[in-house]
Every structure is written in structure tokens, then in C-alpha cells.
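Reading through the C-alpha cells given below for one structure.
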Amino acid sequence: MKLDGKKVLITGGARRIGGELSRSMAAQGATVYIHCHKGSAEAEALLAELPGSGHKVFTADFSQPGAAALLALQCGEVDVLINNASIYARTPADLAEEESRRYFEVNFWSPLALMRLFAAPERRTPGVAVNILDQEILRPAVENGIYAISRKALGDATIAFALEHASRNLRFNAVAPGPMIPPPGLENSTMSKVLKSVPTGKRIEPDDLVKTVLYIIENDSLTGAVIPLDGGQHLKNYEYL
Ligand SMILES: NC(=O)c1ccc[n+]([C@@H]2O[C@H](COP(=O)([O-])OP(=O)(O)OC[C@H]3O[C@@H](n4cnc5c(N)ncnc54)[C@H](OP(=O)(O)O)[C@@H]3O)[C@@H](O)[C@H]2O)c1
């Protein structure tokens, strides 16, 4: 699919990696629907700098059941869906139930709802969805169990949706990146420790993620792929040092 003239919804599209994705999609001629949660000021600022026209900002809190479905309704049919929003923190596998459910609401149920509505039975046009996951779906870090499971579930849903909707010209793929930029609130020093678990020894450049997403969108033969983009990190066990 060529992006020029297409509508793209990017969740968490206002800042950090999502901001890079929004910029690159607009640069390719797409109309970008920027979803944000707390980043509405950044989203409005980004809106003003994007090339092209028709871009919009939408706000939704994915920890609230039904919020993602409402967002899909507000956006209408889009050609490309990029599920980029997530929450991340140390979340051991025996995390309390209420908090575990919040992780699943944001990291699994909300993107799943967007995928379901993206593939609504009445849809007649081609589309491509890209889920931004994490290499931890393949090798969860110690004490990251709930986070990793919530992202892995979305990875499995990617494959199931790809199979079930391939004949309708709807494609579903995912990227599982390694460390790109430290999570908000964590220092760069954490990154240098994490990099010891990356065989290439280098962080993943956000631009490499953007290029991988563009490759997925443009490659009409690609569906059901979960691409590790992690400098080989998924090839070995690791823990934070
Ligand atoms: N950073 C890394 O090194 C790294 C490594 C591996 C995988 N990833 C994955 O790559 C993606 C982008 O990474 P990132 O570091 O840029 O992500 P991030 O900053 O941790 O989060 C992305 C966006 O998620 C949105 N979000 C958080 N809570 C939400 C909620 N309750 N409802 C709706 N949206 C919510 C936020 O939107 P607002 O800003 O508007 O609140 C935020 O900007 C994420 O899926 C992440 O898991 C990142």
C-alpha cells in the first residue's frame, strides 16, 4: 500500500516513538490521526508542524473499557492502523489483579478492539494494521511478566487476525523492538545496563523502527509477521544487571 492520500491512525502518536511515526507517515503524504492520552499539548504542537492537511488529534484513555471502540467510531474507517500506545513498568507475573487488568486493558484489549473495528464485516477496502510490541514477547525480562504477557497476547492476536482476514485484503503485522529510548522516568544509565543484553551492543534507532513500519505498510505480500527488531536480543536470556 502506498501511503500517499491514505488515512493513518497512530495510537500514542504525539510523542517519543509515536511522534516519529506520525512525522514519517505525514511526510509520505498520509493524513495522520494522532491519538493521545495525556499528551494533548504535544499532539496539538505536532499537528501544527506536520506537512499536508486533514490531520487530527483524538484523545482516549485506553485503561477505560470502551474508550478504544469510541475512538474507532470517531475516526471512521482508516487505511492504516498503528497500535503504538502502551504502558510499561516493572510488572512481576504475580502483580495484583486490578493492576494486571489495567495492563491488559491498555496493552491488549484496547488495541484488539481497534483491530476488530478496523476489520469490521462491512469494510470493503484494503487495510494494514501494524502492532508495535516488544522483544520481551519472546524473552520476558525478570519481573516484567505481566507487561510481557499483555504484549505477547497482542502478538498472537496479530497472527490470528492476519489469517482470518487475509482474503479480505486486510493485513496484520507486528514489530517487536528492543531498547530504543528509556521509558519515561528511567535514566539513560538504565539503557547502558540493558544494552549488555543486546548482542549487537547498540540501542535500536527509532528511525529503524519507522523504516520497518513503512516496509510493512508498503509490502502487500506481508501478513502475519512479527518482526524482531532488537539487535538479536531475543536470541538470548537476560535480566537487568
Ligand atoms: N522505548 C523503548 O525503548 C521501547 C522498547 C521496546 C518496545 N517499545 C514499544 O514501542 C512503543 C513506543 O514506545 P515509547 O517508548 O514511545 O512508548 P511510551 O512513551 O511508553 O508510550 C507510548 C504512548 O502510549 C500512550 N499511553 C500510555 N497510557 C495510555 C492510556 N492509558 N491510554 C491511551 N494511551 C496511553 C501515551 O500517550 P500520551 O503520551 O498521549 O499520554 C504514550 O505516549 C510502545 O508500544 C512500547 O511498548 C518501546
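Start at 1 and go down the list; that is how both ligands and their atoms are numbered.
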Aromatic contact between Tyr33 and Phe58, with the criterion being ring centroids under 6.0 Å apart: yes or no?
yes

Please output the residues near ligand 1 using a strict heavy-atom distance under 4.0 Å, listed in chain and residue-number order.
Gly12, Arg15, Arg16, Ile17, His35, Cys36, His37, Lys38, Gly39, Ala60, Asp61, Phe62, Ser63, Asn84, Ala85, Ser86, Ile87, Val106, Ile132, Leu133, Asp134, Tyr147, Arg151, Pro177, Gly178, Pro179, Met180, Ile181

Using 30° and 60° as the class boundaries, would you call the ring planes of Phe62 and His35 parallel, tilted or perpendicular?
parallel

Non-neighbouring partners of Glu122 that pass side chain to side chain donor-acceptor pair (under 3.5 Å), sequence neighbours left out
none

For Glu105, enumerate each residue passing the salt bridge (charged side-chain N to carboxylate O under 4.0 Å, His left out) test, keeping only those at least two apart in sequence or located in another chain.
none

With Glu44, which residues qualify under salt bridge (charged side-chain N to carboxylate O under 4.0 Å, His left out), at least two apart?
none

Determine, for Phe108 and Arg151, whether the Lys NZ or Arg CZ falls below 6.0 Å from the six-membered ring centre while staying within 45 degrees of the axis.
no

